[in-house]
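Everything on this sheet refers to the single structure shown next.
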Amino acid sequence: MQSSLKKSLYLGLAALSFASVASVTANASNANAAKKHAAAKKVTYKTTNKNLDQSVTFKATGKNAVYNKAVGKRSVVASKADMASKANSKDTKDLFMAYQEGVTSKGVHYYKVVSFDKKVRGFVYNKGVAKTNTTVAADKPSNATGYLQNTNRFFNKPYGSQFKTSLKNDYKGMNIAADQFTVSDAVKVNNDQTYYYVTDKNNQLINGWVNSVYFSNNVTDAAKNATNSANAIHVKYVDNANLGSVLMEKNINPANLSSTGTYSDTDVNNAISNSLIGTGFVNPSQVSTSVAKGGDVTVTVSKGTTQYLSTNNFVPFSVANVGNVNQSTEKNSDLSNKMSALQLSSDQWKSLFQGNQNQTFNFNNFEASLLAPGKAWNQFTIGTKTYTYNAKFTRDSNKVSLNDGTNGKRDMTYDEIAKGNFNIYYDVKDNNSNQTSNNGNMSNNQYQAQQRVNAAVNNFNNGNKNLSAVVGNNKDYSSAQAVLDDIAASKLNNGDVNALKDAAQTQANKDQTAANLSKVNNAVQSVANDLNNNSGKDNNASFDFGTFNSNDNKANYNKVMTALKGTNLDLNTVKGLVNDDNKSSLGNLNDTQRANLATVLSNVSNFENKQ
């Protein structure tokens, strides 16, 4: 009976255990089913506005990324870090336009946006961008009438102010630079660029927004040419030996147009004579009455007489005082003797040395035939010295001023060379020394600088390492700076130059005399006083000392450089003096003047670096 009872108990316990397990299993299955049912409920997105105002501009806040989709499995188009960078940017391309708006089933609002450069397009949480004003009112130029240079593009809105800023018109083929424009409005956009609304004074239909950098009160060359064309007189030149032959026709602009629109006969005759220079024709017939602008004039001219040049009309010069600051050039009779021995055929003489009165000398042909490398006059060796033709120096020295009011230069004529002398310049190398000459590609100033540096390096290499041996007996800062400037201007690649520069600079720092400091003080004091007395604005020169605006950069730069001229100091050196903590170098500047001047010098340096 006990055995039967035990079996009954075992069976009962087993049944209970099975029931418990079944109950737990059933509960777990129900829970999983509930979870699966909950997960199946997806987050959805609904567009609530498909046509947002596209003239409204947004800027990133940097708080959220941009995704390819608002919900679901999505990827990043622009990360949060990217958007933070755009939030701090002033670049127009980093602005946004929102063209749709929607909300998720969880109540999260999104914008569909596109960046101004169209490189970022997608969905962003509405707190990830914020509306922004892209323009603020700006000052119009004090003289609202001026000219446009280097642009024919006009926009319907200031460029960058809206996503759909469009090109209103690109007036290709029109001489926009010749017309005057009036500025009627001005705004500054997000990237700190200022735009003017301009209208053509000659054609009111030409108008729109242009970048202010293209506007200037200075008369453009195109406008000058247009004015000259409108005010010109038309001249026909007839051959005096054959009155039926028109040799050429020109539009010329005599001086002194009267208020009635006419030129005096004297001014007309002078202009006609000037217009013949270089043509080979002379002796124009005289005009005896005034001529109205746009009028026609016919004059007779004669062919100039034949001019026969010789080797004596070409005078060689060599560089004298090599290595000295006051380097100069002098006539070289030894070179003249060498040049006079030239042997040419009669055809060659005619081609190179013969032309007509008032005809431009054919220097290109002359140079290619006689002065180019390997030609008869390119290089001479006399004693221990070698003389090599310097093309740039020669060309620059033989240009003469135009006598037509343009302040330009022209080539010499055959008769001018016959009456005077054509100078040919040669660089010198002494074969017994290390002093070398200009390679023909430098300006004269660069060449002279190199010669002085050469002499200084030779002295340095020969053991004369003190500054007096390098720059002479006057041990002052100006002499030292001259050497440093020469090193900067030269084309030497000599390892000793750096050592020379260090030695010169060290000595220069010791040799700043009271006279030199006085020069510095006087120069910078004048600039500092302008800053201090005018709160940073010199109205007489329209000089904004604080910002260097685009229209006045060159004038501002020239003003500062003129103020510092004569100090023989470069900008970095003056900046060092201004920022000298012990204030011993420029002690007569107060703290305000010193701070303002430091700003000026920094702006000047920035301007130089952009050139």
Just checking, any donor-acceptor pair under 3.5 angstrom between side chains of Thr151 and Gln149?
-> no
Going by atom types only, do Asp415 and Thr413 share a side-chain donor-acceptor pair under 3.5 Å?
-> yes
Separation between CG of Asp179 and CG of Asn202, rounded to the nearest 0.5 Å | 4.5 Å
Lys250: partners by side-chain hydrogen bond (donor to acceptor under 3.5 Å, both in side chains), with sequence neighbours left out | none
Is there a side-chain contact between Thr298 and Val235 (heavy atoms, below 4.5 Å)?
-> no
Of all residues at least two apart in sequence or in a different chain, which pass the side-chain contact (heavy atoms from CB on, under 4.5 Å) check with Ser346?
-> none
If we only count heavy atoms from C-beta on, is the Val400 to Lys409 side-chain gap below 4.5 Å?
-> no
Taking the six-membered ring for Trp and the single ring otherwise, decide whether the centroids of Tyr414 and Phe361 are under 6.0 Å apart.
-> yes
Once you round to the nearest 0.5 Å, how far does CD1 of Ile382 lie from OG of Ser318?
-> 8.5 Å
So the salt bridge (Lys or Arg N to Asp or Glu O under 4.0 Å) pairs with at least one residue in residues 220-232 (sequence neighbours excluded) are none
Which pairs with one or both residues in residues 268-294 pass salt bridge (Lys or Arg N to Asp or Glu O under 4.0 Å), sequence neighbours excluded?
-> none
Decide yes or no on side-chain hydrogen bond (donor to acceptor under 3.5 Å, both in side chains) for Asp239 and Ser245, but give the supporting numbers first.
-> CA-CA 6 Å; Asp239 189 351; Ser245 174; 5.0 Å; no
With sequence neighbours excluded, give me every salt bridge (Lys or Arg N to Asp or Glu O under 4.0 Å) pair touching residues 375-390.
-> none
Can a salt bridge be assigned to the pair Asp396 and Lys392 using a cut-off of 4.0 Å between side-chain N and carboxylate O?
-> yes
Rounded to the nearest 0.5 Å, what's the gap from CD1 on Ile417 to CG on Asn313? Could you check?
-> 7.5 Å
Looking only at side chains, do Asn390 and Asp427 share a donor and an acceptor under 3.5 Å apart?
-> yes
Does Phe363 have any ring-ring contact (aromatic ring centres under 6.0 Å, His included) partners at least two apart in sequence or in another chain, and if so, which?
-> Phe422
Determine which pairs satisfy side-chain hydrogen bond (donor to acceptor under 3.5 Å, both in side chains) with at least one residue from residues 258-270, sequence neighbours left out, and list them in order.
-> Asn256-Asp267, Ser258-Thr260, Ser258-Thr262, Thr260-Thr262, Ser264-Asp267, Asn269-Gln286
side-chain contact (heavy atoms from CB on, under 4.5 Å) filter on Thr145, not counting sequence neighbours, yields Asn143, Gln180, Thr182, Lys201
Decide whether His234 and Asp296 meet the rule of one side-chain donor and one side-chain acceptor closer than 3.5 Å.
-> no
Result of checking Val213, Asn211, Asn217 against Phe215 for side-chain contact (heavy atoms from CB on, under 4.5 Å) | Asn217
Taken in chain and number order and not counting sequence neighbours, the residues that satisfy side-chain hydrogen bond (donor to acceptor under 3.5 Å, both in side chains) with Thr279 are none
Assert yes or no for the condition that the ring centre distance of Tyr426 to Phe317 is strictly below 6.0 Å.
-> no
Tell me, please, which residues at least two apart from Tyr197 pass side-chain hydrogen bond (donor to acceptor under 3.5 Å, both in side chains).
-> Asn207
Above 12 or not: heavy atoms from other molecules or residues under 6.0 Å from CZ of Arg153?
-> no
Can you list every pair that meets salt bridge (Lys or Arg N to Asp or Glu O under 4.0 Å) and has a residue in residues 355-368, with sequence neighbours left out?
-> Glu367-Arg395
So does Asp139 have more than 12 non-hydrogen atoms from other groups sitting under 6.0 Å from CG?
-> no
Name all residues meeting the side-chain hydrogen bond (donor to acceptor under 3.5 Å, both in side chains) criterion together with Tyr237; count only those two or more places apart in sequence or in a different chain, and write none if there are none.
-> Ser275
Side-chain donor-acceptor contact under 3.5 Å, Ser351 with Asn365 = yes
Phe314-Phe353 aromatic ring centre distance below 6.0 Å | yes
